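As structure tokens, the structure follows; a few thoughts come after it.
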Protein chains: 2
Amino acid sequence: MPKQVTIQDVAREAGTSVSTVSRVLTGSARVSKAKRVAVEEAIARLGFRPSHVARSLRTHATFSVGLLVNDITNPFFSALARGAEEEAIRRGYSMMLCNTDNDPDRELQYLRMVRDKRVDGIIFGPTGANGAQIAQIVGSIPLVMIDRRIDEVPAAAVVADNEGGAYRAACALIQRGYHRLGIVAWLPPMETLAHRVTGIHRALSGHDIPIESAPIIRVSRIEPKEVRRVVREWLTERLEAGDAPSALFALNNQLGLGTLRALRDLGLKIPDEMGLMVFDDLEFFEVTLPPISAVAMPARQMGQRAMRHLLDRLEKPGEHLHEVTVLPTEVRIRQSI
Amino acid sequence: MPKQVTIQDVAREAGTSVSTVSRVLTGSARVSKAKRVAVEEAIARLGFRPSHVARSLRTHATFSVGLLVNDITNPFFSALARGAEEEAIRRGYSMMLCNTDNDPDRELQYLRMVRDKRVDGIIFGPTGANGAQIAQIVGSIPLVMIDRRIDEVPAAAVVADNEGGAYRAACALIQRGYHRLGIVAWLPPMETLAHRVTGIHRALSGHDIPIESAPIIRVSRIEPKEVRRVVREWLTERLEAGDAPSALFALNNQLGLGTLRALRDLGLKIPDEMGLMVFDDLEFFEVTLPPISAVAMPARQMGQRAMRHLLDRLEKPGEHLHEVTVLPTEVRIRQSI
DNA sequence: TTGTAAGCGTTATCAG
DNA sequence: CTGATAACGCTTACAA
């Protein structure tokens, strides 16, 4: 372990004081040309690199932020993370990645960890649980919610236009003659999914279709295999009873993937025997046969915007507006409807 | 900004000294029951949380590691990141996410950043460039290479069995009668891709097929659209000349996606008019029509193993073996060949 | 078992 | 413009 070069060493080498070295480091005050070059040369000679941790202790700023998301493996969140990270690095911040796996306990554990590490701020896709505890843990750390919000915690948020996207997508379905919609949803109550359902219902009502005619298929676990099984069984039953919907609307990309597989299992021809629409577009929906219609969320942009919000607030702490930014979604009609 | 609670406050509240508080915090020495409960109560009362940054300054350990990968948006890397993160959190470490975008400059920038932040170690998927500089920047920070290696930097590595996987996949192609292979590759020289080519060549030779009969289609940019265009044009030309391969072997998932689209553009029936094999399996290859054969890399496990290596080494610095772990790949034959 | 005090590597205050 | 020096919040000898 070669001893690390400190500001003291640089001062000695440059024949000056640590304060002067610090001043050229931070540019916080004027330094004579002569001294500055002496210091710069000493730094180069010694290969000195100031310790962020010492600096952080002194300044109470770590230039790092925590990103808590459900699962980075989900394309939506990886795109979001990418957007956030890009903005962060551009502004000199680094980002700690935390996968909560939608588990309230992990969420709390992570929140504590980043708080203890004294991150300057947090970008947070909440599970929806532990409202009060979160507020308490986070305390006064600047926080931006992403994708979902949570009422107990006052914070800015960046979300997608879930209701609007679902509404327009449902209208497209209806206009193409799919009047009987089956909604594939996930069991746990989530704000985003609820909004999507609302959008669909609004479209239905707007076309004088009773919302009771659109059954909701609720899967309890989000694993593709499970979704596939549940949807397949549900559909089989309905088909036998002659009471099946003419199109399925899956409320997120994982549900969409499972649904697609269920449809394949049953050998149902898309879009003739069953239409398919999924909320949250994936790159590969473009290349399946047939290509699948989806409503696209601006994931990367959401991450970028959330990070921008956060850093803006860190850098000029004047404004404490907890605004919620709603980013538009885009309905992409392909051949599955 | 409510002033933060420090160990001093706890000591005062508990009627003891800071050292005693520190001892109950770290468990580094025995403390009488009475004092301990006094301290614990004081901590609870005050909501004290020790500052990791102060601790790090003192102990020279930050309990954080840097993860540098090409692009988290690529499913291979997000799975890898997930595996790494899981192991990290399990052992009390946090992970900084850095996307290098395969850009040597960004790579250097990030390496400097994590080093300045005094991460305890680095997991690093190198671009392949700046060997000497990397060695210099990283200095004595424990480092584990992932996916690719780089000769100038002595470090442990975790890689997939690229050659073996490609070999077995090529054998499968040949056995099914695809004797004329077109290899879709990326232009920049990369160890992993080279190994894959080697594997294919070995399979060809083993079946007495001259390797010259397997042309390499080199795309200069990895964007799907570009891959698609290049492959389509190349194929069109060959088809017209009556000199096309009978199957295409794409060397990574992005190339695979682009190739698939090119095949669709040309209306070539898979697997009858053209076979397709891609290195690096994606979830959705299972659900395309037809499902696509691929060789699967244990991405998540690679991340986990790399992190395990790294942390093991941090925790018992005795061993300095720069071993390279080669994880097996699995050929998954589906209906595209 | 407990307390005092000396750092860890910076930045910031305050004189000169 | 420059230099001592006191924090920052913690851990760890060293003493008691």
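In what follows, every chain begins at residue 1, and chains take the letters A, B, ... in the order their sequences are listed. None of these values were measured; they are calculated from a predicted model.
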Taking only side-chain nitrogens and oxygens of A:Thr6, does any of them come within less than 4.0 Å of OP1 or OP2 of C:dC8? no
Picking from C:dT1, C:dG9, C:dT11, which would you name as closest to the side chain of B:His60? C:dG9
Taking for each residue the nucleotide of DNA chain C with the nearest heavy atom, is it B:Ser32 or A:Ile7 whose nucleotide lies nearer the 5' end? B:Ser32
Work out how much the helix from C:dT1-D:dA16 to C:dG16-D:dC1 bends between its end axes, five pairs an end, to the nearest 10 degrees. 40°
Reading DNA chain C from 5' onward, which residue's closest nucleotide shows up sooner: B:Gly15 or B:Ala54? B:Gly15
Proximal nucleotide (of C:dG9, C:dT13, C:dT4) relative to the B:Ser17 side chain: C:dT4
Using a cut-off of less than 4.0 Å, is there contact between a side-chain N or O of A:Ser22 and OP1 or OP2 of C:dT11? yes
With nearest nucleotides of DNA chain D determined for A:Thr59 and A:Val18 from heavy-atom distances, which residue corresponds to the more 5′ nucleotide? A:Val18
Would B:Asp120 and B:Thr62 count as a side-chain hydrogen bond (donor to acceptor under 3.5 Å, both in side chains) here? Give the steps. CA-CA 6 Å; B:Asp120 295 339; B:Thr62 55; 3.2 Å; yes
Should the side chain of A:Arg58 and the base of C:dT11 be counted as holding a donor-acceptor pair, with the cut-off at 3.5 Å? yes
Taking only residues two or more places apart in sequence or in another chain, which ones pass salt bridge (Lys or Arg N to Asp or Glu O under 4.0 Å) with A:Arg49? B:Asp116
Which class fits the ring pair A:Tyr93 and A:Phe63: parallel under 30°, tilted 30 to 60°, perpendicular over 60°? tilted
Would you indicate what A:Val53 reaches in the nucleic acid, counting non-hydrogen atoms under 4.0 angstrom: base, sugar-phosphate, or nothing? nothing
Can a donor-acceptor pair under 3.5 Å be found between the side-chain atoms of B:Ser19 and the base atoms of C:dG3? yes
Describe the nucleic acid contact of A:Ser56 in one word from base, sugar-phosphate, nothing, applying a heavy-atom distance below 4.0 Å. nothing
Within the structure shown, what part of the strands sits under 4.0 Å from A:Ser28 by heavy-atom distance: base, sugar-phosphate, or nothing? nothing
Please list, in 5' to 3' order, the outermost nucleotides of DNA chain D lying under 4.0 Å from any heavy atom of chain A. D:dC1 to D:dG9
